[in-house]
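These values consider heavy atoms only, across backbone and side chains, with no hydrogens, waters or symmetry-generated copies.
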Amino acid sequence: MNKSYKVWNRVRKQNGSMHSSAGNMQPGTTALQPHIKTLLHEGTVIPAHPLALDENRQLDEKRQRGLTRYYMASGAGGVAIGVHTTQFEIRSPEVNLYERVLQIAADEIREADLSHPFIKVAGIVGPTRQALAEAELAVKYGYDLGLLSMGGLQGWTESEILERVKAVAAVIPVFGFYLQPSVGGRIFSYAFWRAFAEIPNIHAIKVASFNRYQTLDVVRAVCASNRRDDIALYTGNDDNIVADLLTTYRFQINGQTVEKKFVGGLLGHWAVWTKKAAELLSAIKKSQNDGNADIAELLTCNIEVTDMNAAIFDPSHQFQGCIPGIHEVLRRQGLLAGRWCLNPNEALSPGQMEEIDRVYNMYPHLTDQR
C-alpha cells in the first residue's frame, strides 16, 4: 500500500470512529451552479494539485500559489486539491494544512477574476464524521464539488459506504471516485455503482480503477441509471488516458440504446505538462467532431502518454515514487524548488530518475518545455 494511504488510515482513526454518522446535522444542500455543470459535462482538464514544500518540508506558499496560477494559465478547466497528489499527510494534526491549501487555491482563483468557468474540487476522505467536516470546509471556501474517495474504508459494507455518500451529498455536490486497490482503494460491485448513480447531488465520477472490467462496471451502471444524463464521467485511469477519452460506451438498456463517454480527466498526470494536456484534450474533441479523424495517431499517442506516466507514477514499485515523480517534473518546469514530501522517506524509486530522463528525451512533443 502506498505510504500516503497508510497515513490516511491513521489520520481517519484519529478523526472519528469508523461508523460515526451525520447525527443531528441538517445542512442545506449546496447545488452545482449551472455554468459549472455545463463545463463539467462538456469535459475539461482538471489537474490533481500538488503540495509545494521548501527544503524544511514546510509549506512554500509562494510556489503553492504559483502552481494554481500555472494551471489556470495552461488551459485547465479546474483543479482538485486536498487529494492524493496533495499528500494525505496534510490532514495529520502535526501538519494541519488541509484547510490552508483549500483556502490558498480558492484565493488565487478568485483573484484571477477569470472570464470563464473554473471548477474547484476539494478532496474528501475518511469516515462519515471526517468526510462531513471536510465537506463543510470545502463549502466554506466556495468549492463546487467534493471528490469523495471510498479508499481506506475496507471494513465497511457497500451499504454503509452508500449511506456515507448520501450524507456528504447533502452538504456538497459529489464527484465520485473509484480508486484502484493497489494504492488503498477497493473493488466495488456493479450493484454498488448502480445504487451510487441514483443518489441526488452526484454530478461526476472519476474512474481510476486501472482495470477495464471495473471501468465497464461504472459506465454500465451509470447508463442504467435514471440520472445518466446528470453524471459526467472523468478518467483517472493513468494507464489508458487517451483511449478512455476516445471510447464511446454503448449498451441496450430496457430496449433503448444508451451511449456514454469519458468527457475529461481528473488526473495527477495532468498536474505536469498541463498545457500539452489541454491541447491533447482539444485534439481528441476535434477528432470526435470530425468523425474520428486522426484516431490512429491519437491511439499511438495513448501509448506515449502511458509510457510517460509509468516513468512519473512508478508502477514498477507499486507507485511508491508517484508523488516525488510529479514533483521532479514540476521542478524541471521551474514550478517547484525540489522533490520534498511531508514524509521524508517518500522519494524517487531506484531507476526512476533515469526513466524520467528517458521519456523527456523520447516524447518532447508532449512536454511543456519544447
Side-chain angles (χ1 to χ4, degrees), residues 5 8-33 36-37 40 80-84 86 88 90-91 98-99 102 119-179 184-208 218 221-222 225-227 230-232 234 236 266:
Y5 280 89
W8 174 6
N9 285 326
R10 174 171 61 83
V11 171
R12 71 182 181 85
K13 290 175 183 176
Q14 294 171 338
N15 282 297
S17 62
M18 181 174 289
H19 298 291
S20 58
S21 67
N24 296 321
M25 189 177 182
Q26 296 180 347
T29 303
T30 302
L32 191 64
Q33 295 298 309
I36 295 296
K37 184 172 182 177
L40 186 70
I81 193 155
V83 295
H84 174 230
T86 325
F88 287 123
I90 60 173
R91 295 169 169 85
Y98 177 74
E99 181 173 2
L102 292 188
I119 302 169
K120 299 189 294 295
V121 182
I124 296 173
V125 306
T128 306
R129 188 169 68 190
Q130 178 182 345
L132 287 172
E134 293 188 0
E136 291 283 3
L137 279 174
V139 170
K140 174 183 175 181
Y141 290 107
Y143 280 76
D144 302 297
L145 297 121
L147 181 69
L148 181 60
S149 178
M150 273 77 79
L153 305 175
Q154 274 74 3
W156 293 43
T157 66
E158 290 189 345
S159 294
E160 288 167 339
I161 292 175
L162 287 169
E163 289 304 309
R164 169 181 174 267
V165 175
K166 292 174 185 177
V168 174
V171 177
I172 190 171
V174 167
F175 206 128
F177 186 9
Y178 197 176
L179 178 67
R186 58 182 280 184
I187 296 173
F188 290 97
S189 68
Y190 166 83
F192 171 87
W193 291 110
R194 182 68 179 78
F196 185 96
E198 295 294 347
I199 297 173
N201 221 22
I202 303 287
H203 290 275
I205 300 174
K206 168 182 173 173
V207 182
V218 178
V222 171
S225 167
N226 293 325
R227 300 189 65 253
D230 296 317
I231 297 175
Y234 275 66
L266 196 166

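Here NZ of Lys37 is found 4.5 Å from CG of Asp230. Values are rounded to the nearest 0.5 Å. With rounding to the nearest 0.5 angstrom, the CD1 atom of Ile205 is 5.0 Å from the CD1 atom of Ile231. If you take CD on Gln130 and CZ on Arg91, they are separated by 6.5 Å, rounding to the nearest 0.5 Å. The line from OG of Ser225 to CH2 of Trp193 is 13.0 Å long, rounded to the nearest 0.5 Å. Summarising the geometry, atom CD1 belonging to Ile124 is positioned 5.0 Å from atom CD1 belonging to Ile172; distances are rounded to the nearest 0.5 Å.
Annotation for Gly123 and Tyr98: closest pair O-OH, 2.8 Å, computed over non-hydrogen atoms. In plain terms, the two heavy atoms of Leu266 and Ala80 that are nearest each other are CD2-CB, 3.7 Å. For the residue pair Ser149 and Gly151, the shortest heavy atom distance occurs at OG-N, 3.1 Å. A pairwise comparison of heavy atoms in Ala135 and Val171 identifies CB-CG1, 3.8 Å as the closest pair. Contact between Gly142 and Lys120 at its shortest, heavy atoms only, is O-CE, 2.8 Å. When every heavy atom of Glu198 is checked against every heavy atom of Asn226, the shortest pair comes out as OE2-N, 3.0 Å.
A search for side chain to side chain donor-acceptor pair (under 3.5 Å) contacts involving Gln33 returns nothing, not counting sequence neighbours. For Glu158, the side-chain contact (heavy atoms from CB on, under 4.5 Å) partners at least two apart in sequence or on another chain are Arg186, Phe188, Ser189, Phe192.
A 4.5 Å side-chain heavy-atom check between Leu179 and Met150 finds every atom pair outside the cut-off. Counting only heavy atoms from C-beta outward, the side chains of Arg164 and Glu160 never approach each other to under 4.5 Å. Residues Ile161 and Glu163 form no side-chain contact, since every pair of their non-hydrogen atoms from C-beta on lies 4.5 Å or further apart. With a 4.5 Å cut-off on side-chain heavy atoms, Phe177 and Leu148 do not count as touching. Counting heavy atoms from C-beta on, the side chains of Val174 and Asn201 never come closer than 4.5 Å. Side-chain contact between Val165 and Ile202: present, with at least one pair of heavy atoms (C-beta onward) separated by less than 4.5 Å. Side-chain contact between Leu32 and Leu40: present, with at least one pair of heavy atoms (C-beta onward) separated by less than 4.5 Å.
Checked options Thr30, Val121, Ile81; the residue passing with Tyr143 is Ile81 (criterion: side chain to side chain contact (heavy atoms under 4.5 Å, CB included)).
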